[in-house]
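I have placed the structure first, in the form of C-alpha cells, so that the comments after it can refer back to it.
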2 protein chains.
Amino acid sequence: MACDASVLAEVKMCSGNYVMAVNDTMNVISGKWKLPIIGSLLYGKKRFKELERDIEKITPRMLSKELKDLEMNSIVSRTVHNTIPVTVEYELTESGQRFKAVLDVMVEWGIEHRRNVKSEIMGVKL
Amino acid sequence: MACDASVLAEVKMCSGNYVMAVNDTMNVISGKWKLPIIGSLLYGKKRFKELERDIEKITPRMLSKELKDLEMNSIVSRTVHNTIPVTVEYELTESGQRFKAVLDVMVEWGIEHRRNVKSEIMGVKL
DNA sequence: TATACCGGTATACTTTAGTATAGTAGTTAC
DNA sequence: GTAACTACTATACTAAAGTATACCGGTATA
C-alpha cells in the first residue's frame, strides 16, 4: 500500500512524512508578513520598495528578513539587475506560485467555516 | 461576476473577503500546538489526559489554553460527562473535520515542494 | 550643495508566545 | 491515611517575534 497522505487510515504508517510535509508548509506561512508578501507577488514580480509600499505598515527590516527566509526556502527568487542604480526584483518561484492552491483551499475553508459559525450563533439550521 | 476566490483576477474585487477568510484559517493553525491537537483529534474524540499523553512535551497549561482557543473558534467541542469522577471529552466539530481538506493540500504542496527543492540542490531536472 | 530615491542594515526596545513548576478540588484503590 | 487518578489553574519566568528609529553607500536631480 503506497503512502497516500489523503487517506486518514494510512496516516499512521506515513505519519513521519505527513508531519514533515505539513511542517514544510507551515514554515512558509509562519510569521506575520509572509502571506502578505506572497499575496503581493502573486500579481507579478516586484521590487523592494514596491513591496514596502504595497504592504501596509511593514518595516524594511521585516521585509528584508522575510524575503530572505522566503528565498532560502525557494519560494521567492531574487534577481539583481545591474542597471544604474541597481534594481532588485523579487518573484515567486514555481513552488511559490503553486502555493496559491494552498491559499485557495484555506479561503474555501475559511468562508465555509464562517458561514457555519454564523448560522450556529443565529440558531439557524441551513 | 460572482466573488470566486479561486480566480486570481477577481481577488482584487473581493480582496476583503479573501483576506478575511485566510485570516480565519490562519487563526486556527496559529501557535505551536493547534495542529498537533487537531491531528490527534482526527482519530476520534479524546479526553484531556489522553491528549496530554498523545502530544509529546505539551504542558497542561498550553493544552488547556489551546483547547479553549479551538473551542471558541468552533473547531473543537467540549463535553462534560457527569460520571464519577467527571470526564471531559474533546471532539472536532464539523468544521474541524473539514479542516482535514486544508491539511491534505498542505501536505501535497509540502511534498511537491520538497521534491522540487531537492532536485534543484542536486542539479537534477526531473 | 541639498534633497531624494534605491536597497537595504544596526541597535535597542516592546510585545507575544511558550515553558517550568507547583498546586487545586474531588474520587478511588490499597 | 496515603498514593494515584481526573481536569485543570496560578505564578513566574525565558525565548521568540516584531517594532521603532536611525543610519549606510551609491546615484540622480535641482
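In what follows, chains carry the letters A, B, and so on, assigned in the order in which the sequence lines appear, proteins first and then strands, with residues in each chain numbered from 1. When reading the values below, keep in mind they use all heavy atoms of this one structure, side chains included, and skip hydrogens, waters and symmetry mates.
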Exercise. Reckon R53(A) has a side-chain N or O less than 4.0 Å from the OP1 or OP2 of dC6(C)?
Worked result: yes
For this session: Report the nucleotide, chosen from dT9(D), dT6(D), dG8(C), that has the shortest atom-to-atom distance to any side-chain atom of F48(A).
Result: dG8(C)
Exercise. Does S64(B) make a side-chain N or O approach to OP1 or OP2 of dT9(D) shorter than 4.0 Å?
Worked result: yes
For this session: Please answer whether the main-chain N or O of A21(B) pairs with a side-chain N or O of W109(A) as donor and acceptor at a distance below 3.5 Å.
Result: no
Problem set entry | NZ/NE/NH1/NH2 to OD/OE distance under 4.0 Å, K68(A) and E71(A) | no
For this session: Nearest whole angstrom, please: distance from the P of dA4(D) to the CD1 of I84(B).
Result: 23 Å
Problem set entry | Salt bridge K49(A)-E52(A), side-chain N to carboxylate O under 4.0 Å | yes
For this session: Using whole Å, report how far CD1 of I58(B) lies from C1' of dT9(D).
Result: 15 Å
Exercise. Side chains of T93(B) and N116(A): does their closest heavy-atom pair fall under 4.5 Å?
Worked result: no
Exercise. Separation of L67(A) atom CG from dC6(C) atom C1', in whole Å?
Worked result: 15 Å
For this session: Could you tell me the separation between the CD atom of E50(A) and the P atom of dC5(C), rounded to a whole number of Å?
Result: 14 Å
Exercise. With nearest nucleotides of DNA chain D determined for P60(A) and P85(B) from heavy-atom distances, which residue corresponds to the more 5′ nucleotide?
Worked result: P85(B)
Problem set entry | Distance, rounded to the nearest Å, where W33(B) contributes CH2 and dT16(C) contributes P | 22 Å
Problem set entry | Short side-chain N/O contact from K49(B) to OP1 or OP2 of dA4(D), under 4.0 Å | no
Problem set entry | Whole-Å gap separating P (dA7(D)) and CG (D54(B)) | 13 Å
For this session: Could you state the atom-to-atom distance from CG of L63(B) to C1' of dA17(C) in whole Å?
Result: 16 Å
For this session: State whether the number of non-hydrogen atoms from other residues, nucleotides or ligands found under 6.0 Å of E94(A) atom CD is greater than 12.
Result: no
For this session: Select from V86(A) and K32(B) the residue whose nearest nucleotide in DNA chain C is closer to the 5' end of that strand.
Result: V86(A)
Problem set entry | Base dT11(C) paired with R61(A) side chain (donor-acceptor, <3.5 Å) | yes
For this session: Send over the distance from M62(B) CE to dT16(C) P, rounded to a whole Å.
Result: 15 Å
For this session: Considering just the side-chain nitrogens and oxygens of K65(B), establish if one lies under 4.0 Å of OP1 or OP2 belonging to dT16(C).
Result: no
For this session: Using a heavy-atom cut-off of under 4.0 Å over every strand shown, decide if K57(B) touches base, sugar-phosphate, or nothing.
Result: nothing
